[in-house]
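Reading through the structure tokens given below for one structure.
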Amino acid sequence: MLRELMIRDFAIIEKLDINFESKMTVLTGETGAGKSIVIDALGLLAGGRGSQEFIRKGANKAVLQGLFSLPQSVKIRHDAEELGITVDEDALIIQRELYRNGRSVCRINNTLVTLTALKKIGNQLIDIHGQNEHQMLMSPENHIVLLDKYSNKTMDLKLKYDKLFSIYRDKLKILKKRQSDEQKWAQRLDMLRFQVQEITDANLIQGEEEELEIKKQRLENFQNIREALSQSYELLSGDEVDFLGHLGDAVEAIQKIGDLSEDLHNISDNLSNAFYMMQDAAHDISNELDVMEWNEDELNQANQRLDVIKQLEHKYGNSIEKVMDYYNRIEKELAQMQSTEEDSENQQKAVDSAYQDALQIAKSLSHERVRVAKQLSKEIEVQLRSLYMDKARFEVRFTTDKEILSNNGLDNVEFYIQTNQGEASGPLAKIASGGELSRIMLALKTIFSQDKNLTSIIFDEVDTGVSGRVAQAMAEKISQIAQLSQVLCITHLPQVAAISDHHYLVTKKVIKGRTETTVAKLDKEQRISEIARMLAGTEITKLSLEHAKELLEMAEKIRN
């Protein structure tokens, strides 16, 4: 359930905070007031595509944040854990920032996530149903997707089929690739073997190149380093200069008077520290000179090893890390090609076996689809009867190929409908009017909402094109859905507004020369006035106020 929504500098909204409650909430207001902007914000929180056009004029970025109660769903918790998201107190906070340069930042419970990950989680929290969703019904290729969503068993079989079909398709692709050009296949195989062996023989180690460069530089500058160290040691402890001896005498002399004043004591300490530091440095120089040894073979070995590394980097990447990344990729490709290196006959057998595995599940899926299609048709007709399409007859028609597999298995599906008695049944996309499409989609939404664990279902003016008793029926249907899931609804119909449990008014006003959208929750008297406005238009009459009261009283009886 959506509990809180925060919007900053989004479209014509400068600042907006809304607390939402369970069951049914409506947002009403004049056309153009900004109702759909709230839905746009929720769409972005669910993983929708952003744009800098959403950012309010004069602002550097837009910020959206939603607080959601988690549904009783194992999947969403599993998905959150896979993404490294910590889930505390059964709540998720989703935040999204849109910047002028096109950058988009997404966070879930303060964890940065990709837009794909946000969509994966968001689609389980929010289901936005707008007028454009009617186009989904107008495209027959979407009908099989809706049918598969109806049954958990169908969805499970479809997932199994997807995996097996993917295996079959990959094996077939490899076979066709090999058959199309045996020579190129053999050349690629030889090249991969050579490259894998070449990199394997090099036995590359991360950080090795840097260590070799340091060793090479030290050996190439051996004489300069030795001369500098020898000169430094001679100046510090040599027979001619003996800087340390003189510094030690100075320390001894000043220590005798160091207790006479604080300044003399500080001088004594500084001299002592300097003496010990110089003594340590002379000792380190002496040790370094003792262990220094010129080794021409070691220099040659370092140069030879660096040459090997540079050659590999020139071929496969500009660093050891990139060479190893390339190695990992070609090793996988080589393993795949070697696993299919058997003769074409055996490879064909592997393809045939994968095809039979996929075909078996495809047949089970097809059988299950036919079974659930009858059940879905009956349920849709029940729902349509309550939406004043009592004569409608809904049918799921199949075109099934017993041998050819596709992404959907063996079936092509299209919804057919008979809207009026005595007329012929025809494709839904050609027969249904706009108002009928609204009712059919609402019927589907009612059926699917019963078992999908969605926290929030959003209807954006889905009641367009209906009025009178049909509008009342749609209002009651949306209210029915709200008993199972939180529903947010943008509407221009007074019947829908009246039946809601909570009512917000969206208004647009000019403040300091800037247009801003505000949202306010209405009390009982304010609801009467707003519904009267929806009934009468600009001029609210006494009759429209009475009608509004009647609508609210009738809606309360229906809800109870």
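- Here Lys310 pairs with Glu209 in a salt bridge; the nearest charged N to carboxylate O distance falls below 4.0 Å.
- Comment: Glu313 does not engage Lys322 in a salt bridge, judged by the lack of any side-chain N to carboxylate O separation of less than 4.0 angstrom.
- Between the CZ atom in Arg393 and the CD1 atom in Ile417 there is a gap of 10.5 Å [rounded to 0.5 Å].
- The nearest pair of heavy atoms linking Ala498 to Arg559 is O-NH1, 3.6 Å.
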Which side-chain N or O atoms in residues 354-361 pair as donor and acceptor under 3.5 Å with protein atoms at least two apart or in another chain?
{"unit_1": "Tyr355", "atom_1": "OH", "unit_2": "Glu403", "atom_2": "O", "d": "2.4"}
{"unit_1": "Tyr355", "atom_1": "OH", "unit_2": "Glu403", "atom_2": "OE1", "d": "3.4"}

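- For the pair Asn109 (side chain) and Ile93 (backbone), a donor-acceptor distance under 3.5 Å is present.
- For the pair Arg107/Val105, a side-chain contact is recorded, criterion being any heavy-atom separation below 4.5 Å from C-beta on.
- No donor-acceptor pair closer than 3.5 Å links the side chain of Ser36 to the backbone N or O of Ile39.
- Not a single donor-acceptor pair under 3.5 Å links the side chain of Asp79 to the backbone N or O of Ile121.
- Ser366 contributes no side-chain N or O that, together with a main-chain N or O of Ala362, makes up a donor-acceptor pair within less than 3.5 Å.
- Between Leu115 and Gly48, the shortest heavy-atom distance links the atoms CD1-O, 4.1 Å.
- Remark: the Ser456 side chain and the Gln486 side chain contain an N/O donor-acceptor pair separated by less than 3.5 Å.
- Between the side chain of Glu423 and the backbone N or O of Thr419 there is no donor-acceptor pair closer than 3.5 Å.
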Report task. Apply the test side chain to side chain donor-acceptor pair (under 3.5 Å) to residues Glu379 and Gln383: give CA-CA distance (whole Å), side-chain angles for both, the deciding distance (0.1 Å), then the verdict. Result -> CA-CA 6 Å; Glu379 282 206 49; Gln383 296 296 332; 5.3 Å; no
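- Atom CD1 of Ile108 and atom CD of Gln95 lie 11.5 Å apart (nearest 0.5 Å).
- Considering Val413, Val370, Leu146 as possible partners of Val396, the one that fulfils the side-chain contact (heavy atoms from CB on, under 4.5 Å) test is Val413.
- In this structure, CG in Leu334 is found 10.0 Å from CD in Gln195, a value given to the nearest 0.5 Å.
- Within a 6.0 Å sphere centred on NZ of Lys173, other residues, nucleotides and ligands contribute 12 heavy atoms or fewer.
- Residues Leu365 and Lys158 come closest through the heavy atom pair CD2-CD, 3.9 Å.
- A salt bridge links Glu368 with Lys153: the closest approach of a Lys/Arg side-chain nitrogen to an acidic carboxylate oxygen falls below 4.0 angstrom.
- Asn408 places none of its side-chain heavy atoms less than 4.5 Å from the side chain of Glu141.
- Side-chain atoms of Thr200 come within 3.5 Å of backbone N or O of Val196 as a donor-acceptor pair.
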Query raised in the report: Where do Ser386 and Lys477 land on the side chain to side chain donor-acceptor pair (under 3.5 Å) test, with the steps shown first?
Result: CA-CA 8 Å; Ser386 63; Lys477 189 64 64 181; 2.7 Å; yes
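- Smallest separation of non-hydrogen atoms from Arg49 and Phe54: O-CE1, 4.1 Å.
- Between the CG atom in Asp127 and the NZ atom in Lys445 there is a gap of 3.5 Å [rounded to 0.5 Å].
- Remark: Glu333 engages Arg188 in a salt bridge, criterion side-chain N to carboxylate O under 4.0 Å.
- Annotation: cation-pi geometry not satisfied between Arg329 and Tyr326 (NZ/CZ under 6.0 angstrom from ring centroid, within 45° of ring axis).
- No donor-acceptor distance shorter than 3.5 angstrom exists from the side chain of Glu208 to the backbone of Leu204, with no hydrogens or angles considered.
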Query raised in the report: Under the side chain to side chain contact (heavy atoms under 4.5 Å, CB included) criterion, do Lys149 and Leu376 qualify, and how do the steps go?
Result: CA-CA 11 Å; Lys149 284 182 179 180; Leu376 176 62; over 6 Å; no
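- Judged by distance alone, the side chain of Ser406 and the main-chain N or O of Gly409 form a donor-acceptor pair under 3.5 Å.
- Other residues, nucleotides and ligands place no more than 12 heavy atoms under 6.0 Å from the CD1 atom of Ile404.
- Remark: the backbone N or O of Ala373 is paired with a side-chain donor or acceptor of Ser377 at under 3.5 angstrom.
- The side-chain heavy atoms of Val382 and Lys378, taken from C-beta on, include no pair separated by under 4.5 Å.
- Ion pairing of Asp411 with Arg369 is present here, as a side-chain N (NZ or NE/NH1/NH2) and a carboxylate O approach within less than 4.0 Å.
- Shown here are the side-chain hydrogen bond (donor to acceptor under 3.5 Å, both in side chains) partners of Arg169, two or more places apart in sequence or in another chain: Asn407.
- Counting only N and O atoms by type, the side chains of Gln480 and Glu476 include no donor and acceptor under 3.5 Å apart.
- By the neighbour-count criterion of 12 heavy atoms within 6.0 Å, atom CD of Gln206 is densely surrounded, having more than that number from other residues, nucleotides or ligands.
- Between Asp156 and Lys160 no salt bridge is recorded (no basic side-chain N to carboxylate O distance below 4.0 Å).
- In this structure, Arg96 CZ and Ile94 CD1 are separated by 10.5 Å, a value rounded to the nearest 0.5 Å.
- Side chain of Ser51 to main chain of Glu53: a donor-acceptor pair is present (N/O by atom type, distance under 3.5 Å, no hydrogens or angles).
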Requested in this report: Apply salt bridge (Lys or Arg N to Asp or Glu O under 4.0 Å) to Glu97 and Arg103, showing your working.
Outcome: CA-CA 8 Å; Glu97 299 173 357; Arg103 188 165 65 97; over 6 Å; no
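- Using bins of under 30°, 30° to 60° and over 60° for the plane-to-plane angle, the ring pair Phe165/Tyr168 lands in the tilted bin.
- For the 3.5 Å distance criterion, the side chains of Thr28 and His503 qualify, holding a donor opposite an acceptor.
- If you take CD1 on Ile447 and CD on Gln375, they are separated by 9.5 Å, rounding to the nearest 0.5 Å.
- Looking at heavy atoms from C-beta onward, Leu5 lies out of side-chain contact with Gln65 at the 4.5 angstrom threshold.
- Residues Leu16 and Val38 share a closest heavy-atom pair of CD2-CG2, 4.4 Å.
- If you look at Tyr327 and Tyr316, their ring centroids are not closer than 6.0 Å.
- Residues Phe415 and Ile380 have side chains not in contact (no heavy-atom distance under 4.5 Å, counting atoms from C-beta outward).
- Heavy atoms only, all atoms of each residue included: Thr491 and Ala497 are closest at CG2-N, 4.1 Å.
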